[in-house]
Amino acid sequence: MGIVKISDDLHNEIRKASATLARSINAQAEYWIKIGMLAELNPELTYSQLCKKLLRTESFTLEELVRE
């Protein structure tokens with residue numbers, strides 16, 4: 001586990017989203033990072049399709065995502 005430095009404004013947005021979506025702050029940040037990675041690697045997919053892809057994979061590495 002490492003430390004990621006983010007702005008106070010982004011941290012506050014993560015805090016608000018995590019409270020609304022019943023996730024921890026870390027879980028919300030991790031979710032947004034995963035969705036962002038998937039979106040960059042699959043620009044043709046919709047948000048709904050990205051979520052389904054994320055749900056199909058319990059955990060993944062960047063290498064696994066590139067192979068798909």
Side-chain angles (χ1 to χ4, degrees):
M1 175 163 68
I3 296 174
V4 176
K5 293 183 181 184
I6 60 173
S7 70
D8 289 340
D9 290 340
L10 181 56
H11 189 269
N12 287 332
E13 292 302 317
I14 296 170
R15 182 186 309 277
K16 285 189 275 186
S18 70
T20 301
L21 299 170
R23 295 183 179 122
S24 70
I25 293 172
N26 287 343
Q28 183 64 43
E30 186 174 328
Y31 175 75
W32 280 350
I33 290 167
K34 286 178 180 179
I35 286 292
M37 283 177 23
L38 284 171
E40 285 189 350
L41 293 170
N42 302 277
E44 72 285 355
L45 298 181
T46 66
Y47 175 72
S48 178
Q49 292 168 319
L50 292 172
C51 288
K52 286 177 185 176
K53 189 175 185 78
L54 194 56
L55 286 170
R56 284 194 308 264
T57 310
E58 189 172 316
S59 65
F60 58 81
T61 64
L62 186 57
E63 181 181 341
E64 291 167 337
L65 290 175
V66 172
R67 272 190 276 148
E68 289 187 4

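The figures here come from the full heavy-atom set of this structure, side chains too, leaving out hydrogens, waters and symmetry mates.
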If I take atom CD from residue Glu40 and atom CG from residue Leu50, how far apart are they, to the nearest 0.5 angstrom?
11.5 Å
Enter the distance from Leu38:CG to Lys53:NZ here, rounded to the nearest 0.5 Å.
6.5 Å
Gln49: what forms a side chain to side chain contact (heavy atoms under 4.5 Å, CB included) with it, not counting sequence neighbours?
Leu45, Thr46
Scan residues 9-18 for pairs that pass salt bridge (charged side-chain N to carboxylate O under 4.0 Å, His left out), counting only residues two or more places apart or in two chains.
Glu13-Lys16
Is it true that atom CG of Asn12 has more than 12 heavy atoms of other residues, nucleotides or ligands lying nearer than 6.0 Å?
yes
Can you name the closest pair of heavy atoms from Ile6 and Ile14 and give their distance?
CD1-CD1, 3.7 Å
Residues passing the side chain to side chain contact (heavy atoms under 4.5 Å, CB included) test with Leu21, sequence neighbours excluded, are Arg23, Gln28
Please tell me if the side chains of Cys51 and Ile35 come closer than 4.5 Å, counting only heavy atoms from C-beta onward.
yes
Minimum heavy-atom separation for Ser24 to Ser18, with atom names?
O-CB, 3.6 Å
